[in-house]
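In this text the structure is predicted, and so the values were computed from the model without any measurement.
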Amino acid sequence: VILGYNGMVMDELSDQPWLLEKAAEVQRAAERAAGLTKQLLAFSRRQILQPSLLDLNEVVNNIEKLLRHVIGEDIDFATRLDPSLFPVRADATHLDQVLMNLVINARDAMPNGGKLTIETANVVLDEVYAESHAGIVPGRYVHIAVSDTGHGMSEETRRKIFEPFFTTKEVGKGTGLGLSIVYGIVKQNGGDIWVYSQEGKGTTFKIHLPAVTDQSATKPSVSSRVPARAQAEVVLLVEDDANVRKLVEGVLREHGFQVVASENIAEAIALCKERDATIDLLLTDVVMPDMSGPELAEELAKLRPGLKVVYMSGYADNAVVRHGVLKPGAAFIEKPFVAETLTEKLREVLAG
């Protein structure tokens, strides 16, 4: 709500730079607060997942240029990627976050330079491994390791590194959430993470994600269509938070959409039953008191076959986490979002 309304204010202040800068400070502060909240949600495994079929080699290659920029020129960076790697089903954005956090930690452990290596491989984890690693089921996994030649860590530090807010950095240099976030993301994606380290001899983080060995599984095709401009399409908005509902409704109307707003599940279902006119898209929160967004979408699909859906949320409550995640390919926008992100997502989905 803060980001949304402040963004509207900034649009009105384009000709008043002295006020625009003050509004920009509000925006920056709100974005920092949003960033910290996302870190906490990642650690507690309450982020919404958007899993897809991924080649971890592609994930590494796509982020490699950015990683090289982050570590600087005094660190020798190498990759050793298995060309026969099995795919995994995971959230690509979260895996980027994992790699970034691990690489930044490795860089900080090598202030005078060193060597950083990222490796991938297919592995089989047996019963012996599973017995000593909680939550792991014996079977085929894809292994990704991030190794450095830095100062390493003591056994006492190694035991604490995944604890939230634990940090060996000086005050003001870190939140102590980086590795907690990595741990939460890996576990939420069904994987396991282990660290090997010795003082003075470097550190290796090893991540195992379940391999997808079903050869019939294919990557989703990417549409090349350009999202269309809003043509007064009708959006059914379902959001139980009055402030968020009012903001989103205002944003959509300003961008040419017609909006039918509802504050609860029962009202949304009644609107669909009673309304004769077309409803082009359902925009619903994921987490609501009486029924989840995906459950609502299933109910409305019975009344409006072919109804397109966009989900929005900042977190998943225990019920959503316990019963799984959004289906692969589901359109999702993460709170907090700005007006442009929301309207682009809706136009993309409406365009097919």
Is it true that Glu119 and Lys206 make a salt bridge, defined as a side-chain N closer than 4.0 Å to a carboxylate O? no
Other residues, nucleotides and ligands only: do more than 12 of their heavy atoms fall within 6.0 Å of CD on Gln16? yes
Contact check, side chains of Asn122 and Val142, non-hydrogen atoms, under 4.5 Å: yes
Asn101/Leu179 under side-chain contact (heavy atoms from CB on, under 4.5 Å): CA gap, chis, key distance, verdict: CA-CA 7 Å; Asn101 279 338; Leu179 289 176; 5.7 Å; no
Value for CZ (Phe257) from CG (Asp280), rounded to nearest 0.5 Å, stands at 9.5 Å
Kindly check if the number of other-residue, nucleotide or ligand heavy atoms within 6.0 Å of CG (Leu13) is above 12? yes
So, does Asp91 use its side chain to make a donor-acceptor pair with the main chain of His94 at under 3.5 Å? yes
With rounding to the nearest 0.5 Å, note down the distance linking CD in Glu274 to CG in Asp276. 10.0 Å
Would you check if the side chain of Asp148 reaches a backbone N or O of Arg107 as a donor-acceptor pair within less than 3.5 Å? no
Applying side-chain contact (heavy atoms from CB on, under 4.5 Å) to Val88 and Asn189, what does each step give before you reach the verdict? CA-CA 10 Å; Val88 299; Asn189 280 280; over 6 Å; no
Would the distance check show the side chain of Asn57 and the main-chain N or O of Thr120 forming a donor-acceptor pair, the cut-off being under 3.5 Å? no
In a check of side-chain contact (heavy atoms from CB on, under 4.5 Å) between Val235 and each of Ile279, Leu283, Leu282, Val260, which one passes? Leu283
Joint cluster assignment, Val137 & Val128, ILVMFWY side-chain distance < 4.5 Å: no
Quick one: does any side-chain atom of Asp240 pair with a main-chain N or O of Met288 as donor and acceptor, under 3.5 Å? no
A quick test of your reading: do over 12 heavy atoms of other residues, nucleotides or ligands sit less than 6.0 Å from CD of Glu64? yes
Flag, side chain of Glu295 to backbone of Met291, donor-acceptor distance under 3.5 Å: no
How long is the gap from OG on Ser292 to CD1 on Ile265, to the nearest 0.5 Å? 7.5 Å
Is there a continuous path of hydrophobic side-chain contacts, each under 4.5 Å between heavy atoms, that joins Leu3 to Phe332? no
Using 0.5 Å steps for rounding, measure from the CE atom of Met312 to the CD1 atom of Ile333. 9.0 Å
Quick one: do Met100 and Ile75 end up in the same hydrophobic cluster if we chain Ile, Leu, Val, Met, Phe, Trp and Tyr together by side-chain heavy atoms under 4.5 Å apart? yes
Taking side chain as C-beta onward, heavy atoms only, is Met110 less than 4.5 Å from Asp74? no
Lys/Arg-Asp/Glu bridge criterion (N-O < 4.0 Å) met for Glu233, Lys308: no
Please report the shortest heavy-atom distance between Val287 and Ser313, naming the atom on each side. CG2-OG, 4.2 Å
Roughly how far, to the nearest 0.5 Å, is the CG atom of Leu300 from the NZ atom of Lys273? 10.0 Å
Indicate yes or no: at least one non-hydrogen side-chain atom of Leu209 is less than 4.5 angstrom from one of Leu95. yes
Run the side-chain contact (heavy atoms from CB on, under 4.5 Å) test on Leu252 and Leu342 for me, step by step, so that the C-alpha distance in whole Å, both residues' side-chain angles and the decisive distance to 0.1 Å come before the verdict. CA-CA 8 Å; Leu252 294 181; Leu342 173 63; 3.9 Å; yes
Shortest non-hydrogen contact from Arg304 to Ala277? NH1-O, 2.8 Å
Are Ile104 and Leu66 in one and the same hydrophobic cluster, where Ile, Leu, Val, Met, Phe, Trp and Tyr link if side-chain heavy atoms are under 4.5 Å apart? yes
Can you confirm whether Ile2 sits close enough to Gln27 that some side-chain heavy atom of one is under 4.5 Å from a side-chain heavy atom of the other? no
Residues Ile63, Val103; criterion side-chain contact (heavy atoms from CB on, under 4.5 Å); working and verdict: CA-CA 11 Å; Ile63 199 175; Val103 165; over 6 Å; no
Under a single-linkage definition using a 4.5 Å side-chain heavy-atom cutoff for Ile, Leu, Val, Met, Phe, Trp and Tyr, are Tyr5 and Leu20 assigned to the same hydrophobic cluster? no
Of all heavy-atom pairs linking Ala331 and Val349, the shortest is CB-CG2, 3.5 Å
Is Leu116 close to Leu67 at the side-chain level, that is, under 4.5 Å between some pair of heavy atoms? no
In this structure, are over 12 heavy atoms from other groups packed under 6.0 Å from Glu25 atom CD? yes
How are the rings of His208 and His143 set relative to one another: parallel (under 30°), tilted (30 to 60°) or perpendicular (over 60°)? tilted
Taking Thr149 for its side chain and Lys115 for its backbone only, find out whether a donor-acceptor pair lies under 3.5 Å. yes
Quick one: does Val234's side chain get under 4.5 Å of Thr278's, heavy atoms only? no
For Ser197 against Thr203, the heavy-atom pair lying closest together: OG-OG1, 2.8 Å
Taking NZ, NE, NH1 and NH2 as the nitrogens, is one of them in Lys246 or Glu249 under 4.0 Å from a carboxylate oxygen of the other? no
Where Ala297 and Tyr311 come nearest, the two heavy atoms and their spacing: CB-OH, 3.4 Å
In Å, rounded to the nearest 0.5 Å, how long is the span from OG1 of Thr341 to CG of Leu346? 11.5 Å
Could you pull out the closest heavy-atom pair between Asp126 and Pro138, with the gap in Å? C-CB, 4.1 Å
Quick check: are there more than 12 heavy atoms from other residues, nucleotides or ligands sitting under 6.0 Å from CZ of Arg140? no
Out of Leu99, Val98, Ile144, which one pairs with Val59 under the side-chain contact (heavy atoms from CB on, under 4.5 Å) rule? Leu99
State, yes or no, whether a side-chain contact exists between Thr343 and Glu254 at a heavy-atom distance under 4.5 Å. no
Please check: side-chain N/O of Arg89 versus main-chain N/O of Val212, any donor-acceptor pairing under 3.5 Å? no
Do Asn105 and Val146 have side-chain heavy atoms sitting under 4.5 Å apart? no
